[in-house]
Enquirer: 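The structure that follows is given in the form of structure tokens.
Since we're looking at a predicted model, the values are computed, not measured.
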Amino acid sequence: MKKVLLFTIPMSICNFRCHYCYLAQRDKHYEGIQPQMKYTPKQVALAMSQNRIGGPCFMNFCADGETLLTKDIDLYIKALVEEGHYAEIVTNLTVNNMLWKILAWEKELLQRVEFKCSFHYLELKKKGLLQRFADNVKKVWDCGASANIEITPTDELIPYIEEVKEFSMKNFGALPHLSIARDDKTQGIDYLTELNMEEYDKIWGQFNSEFWNFKKKLFGVKRTEFCYAGAWSYFIDLSTGSCRQCYCGTKLGDVFAHPEEPLPSMPIGRCQVAHCYNGHALLSAGLIPQMRTPGYGDIRNRIREDGSEWLQDELKIFFNTKLIDSNKELGFIGQWLYLMRNHTHSLQERIFNKLSNLR
């Protein structure tokens with residue numbers, strides 16, 4: 001794994017209305033607008049070529065709404081997978097027309113594709129889509145791609161836990177992994193629950209999710225180590241090429257505009273966010289090299305009752321590699337210089353934003 005590329009898609013159209021949705025927590029949500037794509041799939045693939053980057057990347061694709069409702073998203077993902085990269089698609093897995101397009105690809109490509117299937121149990125049940133979701137998970141596996149099932153442990157779901165477990169064992173051969181519902185409106189990005197942590201752990205610990213266990217270890221822990229986001233990983237708007245070091249951090253410009261130039265390298269160093277709430281992907285890949293973490297493949301995978309696995313072997317092995325194996329660490333002086341640069345850029349951005357608000 002050479003880089004981690006997090007592709008965000010500013011598309012807020014969704015066929016669900018989950019009560020815990022992060023999009024619903026924003027002032028602007030569900031605007032129903034498709035993004036205007038500045039670059040073609042071919043141009044994006046050229047800009048993100050292995051020749052430019054130096055090796056295969058882990059690429060995550062996630063829209064503000066339902067990812068598979070994004071126009072032509074299959075063409076963009078396919079162009080990048082054809083470059084030899086590995087794709088993770090975040091989806092509620094109910095948009096059949098787009099799903100069929102992707103699953104019609106050659107098996108050689110599908111072996112490098114994983115669907116992060118958001119198991120919105122109450123919404124699926126309300127809309128009568130539970131069986132469609134389960135059938136689509138099986139179809140993903142049958143076509144040679146990988147699928148992992150992830151549920152959000154909310155207080156409203158507690159009365160349905162036994163239902164969820166029975167449905168999951170019957171259809172997925174294992175229990176779903178658990179994410180963490182977070183309250184993005186709080187300064188500390190807190191848990192979205194009315195339970196105390198002892199009750200929360202007791203109720204949801206019965207799912208034995210290594211994914212959840214790892215996320216809980218990271219949640220609420222301020223990272224003070226030197227982080228290489230902005231050099232080993234990037235947060236990129238797929239519609240414009242606009243890039244930041246991470247979900248927060250300094251803007252690094254349009255990374256699709258000049259494919260003949262090297263990617264920018266400006267590690268974030270000390271993160272300003274309360275905690276790395278998506279560290280399950282970023283820290284498991286090794287953005288903080290001295291941290292001992294499980295591999296991303298291991299915490300996403302499950303072994304089914306029949307002995308088969310949720311993730312295909314090739315993809316699982318790739319997901320378990322670490323960025324330190326193909327990137328170079330900075331020495332003390334190099335780290336210090338980037339910390340100073342980041343401080344200066346952050347200060348400049350804050351001043352610019354304040355002046356803009358005064359106009």
Enquirer: More than 12 heavy atoms of other residues, nucleotides or ligands under 6.0 Å from CD of Glu261: yes or no?
Expert: yes
Enquirer: Establish, from distance only, whether the side-chain atoms of Asn301 and Glu309 form a donor-acceptor pair under 3.5 Å.
Expert: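 Yes, side-chain donor-acceptor contact under 3.5 Å.
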Enquirer: Looking at every heavy atom in both Pro294 and Ile299, which two are closest together, and how far apart are they?
Expert: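 That would be CG-CG2, 3.7 Å.
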Enquirer: Is the side chain of Ser146 donor-acceptor paired with the backbone N or O of Gln312 at a distance under 3.5 Å, no angle test?
Expert: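 Yes, because the side chain of Ser146 sits within donor-acceptor range (under 3.5 Å) of the backbone of Gln312.
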Enquirer: Shared ILVMFWY cluster between Val90 and Tyr86, side chains joined below 4.5 angstrom?
Expert: no
Enquirer: On the 0 to 90° scale, with breaks at 30° and 60°, tag the Phe235-Tyr247 ring pair as parallel, tilted or perpendicular.
Expert: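 Phe235 vs Tyr247 ring planes: tilted.
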Enquirer: Pairing donors with acceptors under 3.5 angstrom, does anything connect the side chains of Thr293 and Lys322?
Expert: yes
Enquirer: If we only count heavy atoms from C-beta on, is the Asn136 to Phe115 side-chain gap below 4.5 Å?
Expert: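 The answer is no; the side chains never approach within 4.5 Å.
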Enquirer: Are any of the side-chain heavy atoms of Ser308 and Trp141 separated by less than 4.5 Å?
Expert: no
Enquirer: Ignoring hydrogens and angles, tell me if any N or O in the side chain of Lys101 forms a donor-acceptor pair with the backbone of Asn96 under 3.5 Å.
Expert: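 Not confirmed, Lys101 side chain does not pair with Asn96 backbone.
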Enquirer: Holding to salt bridge (charged side-chain N to carboxylate O under 4.0 Å, His left out), I want the full list of residues that pass it with Lys38, two or more places apart in sequence or in another chain.
Expert: Asp254
Enquirer: Taking C-beta and beyond as the side chain, do Asn213 and Glu210 meet within less than 4.5 Å on heavy atoms?
Expert: yes
Enquirer: Do the ring planes of Tyr39 and Phe256 sit parallel (below 30°), tilted (30 to 60°) or perpendicular (above 60°)?
Expert: perpendicular
Enquirer: Strictly below 4.0 Å, N to O, side chains only: are Glu150 and Arg300 in salt-bridge contact?
Expert: yes
Enquirer: Take Gln131 and Asn171, measure what side-chain contact (heavy atoms from CB on, under 4.5 Å) needs, and give me the verdict at the end.
Expert: CA-CA 9 Å; Gln131 199 54 53; Asn171 290 282; 3.8 Å; yes
Enquirer: More than 12 non-hydrogen atoms from neighbouring residues, nucleotides or ligands closer than 6.0 Å to CH2 on Trp336, yes or no?
Expert: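 Not more than 12 within 6.0 Å, no.
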Enquirer: With rounding to the nearest 0.5 angstrom, report the NZ to CG distance, Lys116 to Asn92.
Expert: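 It comes to 9.5 Å.
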Enquirer: Can you name the closest pair of heavy atoms from Leu323 and Leu287 and give their distance?
Expert: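 Minimum heavy-atom contact is CD1-CD2, 3.6 Å.
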Enquirer: Any Lys/Arg nitrogen of Glu199 or Lys202 sitting under 4.0 Å from an Asp/Glu carboxylate oxygen of the other?
Expert: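 Looking at Lys202 together with Glu199, the answer is no, because their closest N to O distance does not fall below 4.0 Å.
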Enquirer: Any sub-3.5 Å donor-acceptor pair from His85's side-chain atoms to Cys57's backbone N or O?
Expert: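 Indeed, once roles are kept as given, a pair shorter than 3.5 Å links the two residues.
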Enquirer: Near Asp142 CG, under 6.0 Å, is it more than 12 heavy atoms from other residues, nucleotides or ligands?
Expert: yes
Enquirer: Minimum heavy-atom separation for Gly84 and Pro56, please, with both atom names.
Expert: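 Looks like O-CB, 3.5 Å.
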Enquirer: Is it true that atom CD of Glu194 has more than 12 heavy atoms of other residues, nucleotides or ligands lying nearer than 6.0 Å?
Expert: no
Enquirer: Ignoring hydrogens and geometry, is there a side-chain-to-backbone donor-acceptor pair from Arg302 to Pro176 under 3.5 Å?
Expert: yes
Enquirer: Group every Ile, Leu, Val, Met, Phe, Trp and Tyr by side-chain heavy-atom contacts under 4.5 Å, then state whether Phe332 and Ile288 land in the same group.
Expert: yes
Enquirer: State, to 0.1 Å, how close Ser233 and Leu282 come at their nearest heavy-atom pair, and which atoms those are.
Expert: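 That closest heavy-atom pairing would be OG-CD2, 4.3 Å.
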Enquirer: What is the minimum heavy-atom distance between Lys217 and Val221, and which atoms define it?
Expert: O-CG2, 3.4 Å
Enquirer: Are Trp105 and Val113 packed together at the side-chain level, in the sense that at least one heavy-atom pair is separated by less than 4.5 angstrom?
Expert: yes
Enquirer: Is there a donor-acceptor contact under 3.5 Å from the side chain of Arg270 to the main chain of Leu339?
Expert: no
Enquirer: Can a side-chain donor-acceptor contact be found between Asp155 and Thr193 if the only test is distance below 3.5 angstrom?
Expert: yes
Enquirer: Nearest 0.5 angstrom please: Arg132 CZ to Leu93 CG, how far?
Expert: 10.0 Å
Enquirer: Considering only heavy atoms from C-beta outward, does the side chain of Ser209 approach that of Trp204 to under 4.5 Å?
Expert: no
Enquirer: Nearest 0.5 Å, what's the CZ-CD distance between Phe319 and Glu314?
Expert: 10.5 Å
Enquirer: Measuring from Glu83:CD to Arg112:CZ, what's the distance to the nearest 0.5 Å?
Expert: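 Glu83 atom CD to Arg112 atom CZ measures 10.0 Å (nearest 0.5 Å).
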Enquirer: Test Glu66 against Asn15 for side chain to side chain donor-acceptor pair (under 3.5 Å), laying out the working first.
Expert: CA-CA 7 Å; Glu66 165 49 39; Asn15 56 332; over 6 Å; no
Enquirer: Where the side chain of Ser12 meets the backbone of Asp64, is there a donor-acceptor pair that is under 3.5 Å apart?
Expert: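 The answer is no, because no donor-acceptor pair under 3.5 Å joins these two groups.
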Enquirer: Describe, in one word, how the ring planes of Phe226 and Tyr228 are oriented to each other, choosing from parallel (under 30°), tilted (30 to 60°) and perpendicular (over 60°).
Expert: perpendicular
Enquirer: Quick one: does Trp232's side chain have a donor or acceptor within less than 3.5 Å of a partner on Val4's backbone?
Expert: no
Enquirer: If you round to the nearest 0.5 Å, how far is CD1 of Ile151 from CG of Leu178?
Expert: 7.5 Å
Enquirer: Going by the angle between their ring planes, with limits at 30° and 60°, are Phe167 and Tyr121 parallel, tilted or perpendicular?
Expert: perpendicular
Enquirer: Looking only at heavy atoms, what is the nearest atom pair of Ile161 and Ile203, with distance?
Expert: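 Answer, listing the atom of Ile161 first, then Ile203: CD1-CG2, 3.6 Å.
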Enquirer: Hey, what do you get for CG (Asn196) to CG (Asp201), rounding to the nearest 0.5 Å?
Expert: 9.0 Å
Enquirer: Please tell me whether Gln36 and Ser239 have a donor and an acceptor in their side chains that are separated by less than 3.5 angstrom.
Expert: no
Enquirer: With a 3.5 Å distance limit and no angle check, can you tell me whether Asn327 reaches the backbone of Lys2 through a side-chain donor-acceptor pair?
Expert: yes
Enquirer: Would the distance check show the side chain of Gln34 and the main-chain N or O of Leu69 forming a donor-acceptor pair, the cut-off being under 3.5 Å?
Expert: yes
Enquirer: Side chains of Tyr296 and Glu88: donor-acceptor distance under 3.5 Å anywhere?
Expert: yes
Enquirer: Answer yes or no: does atom NZ of Lys165 have more than 12 heavy-atom neighbours from other residues, nucleotides or ligands under 6.0 Å?
Expert: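 Counting other residues, nucleotides and ligands, NZ of Lys165 exceeds 12 neighbours.
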Enquirer: Decide yes or no for Met48 and Val255: does some side-chain heavy atom of the first lie under 4.5 Å from some side-chain heavy atom of the second?
Expert: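 Yes; the side chains approach each other to less than 4.5 Å.
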Enquirer: Can you find a pair of side-chain heavy atoms, one from Lys126 and one from Leu122, that are under 4.5 Å apart?
Expert: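 Heavy-atom side-chain distance check fails, nothing below 4.5 Å.
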Enquirer: If you define the side chain from C-beta out and look only at heavy atoms, does anything of Asp237 sit under 4.5 Å from Pro10?
Expert: yes
Enquirer: Centroid-to-centroid, Phe58 to Phe318, below 6.0 Å?
Expert: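 Centroid separation for Phe58 and Phe318: 6.0 Å or greater.
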Enquirer: Do Arg304 side-chain atoms and Ala174 backbone N/O form a donor-acceptor pair below 3.5 Å?
Expert: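 No, because the side chain of Arg304 does not come within donor-acceptor range (under 3.5 Å) of the backbone of Ala174.
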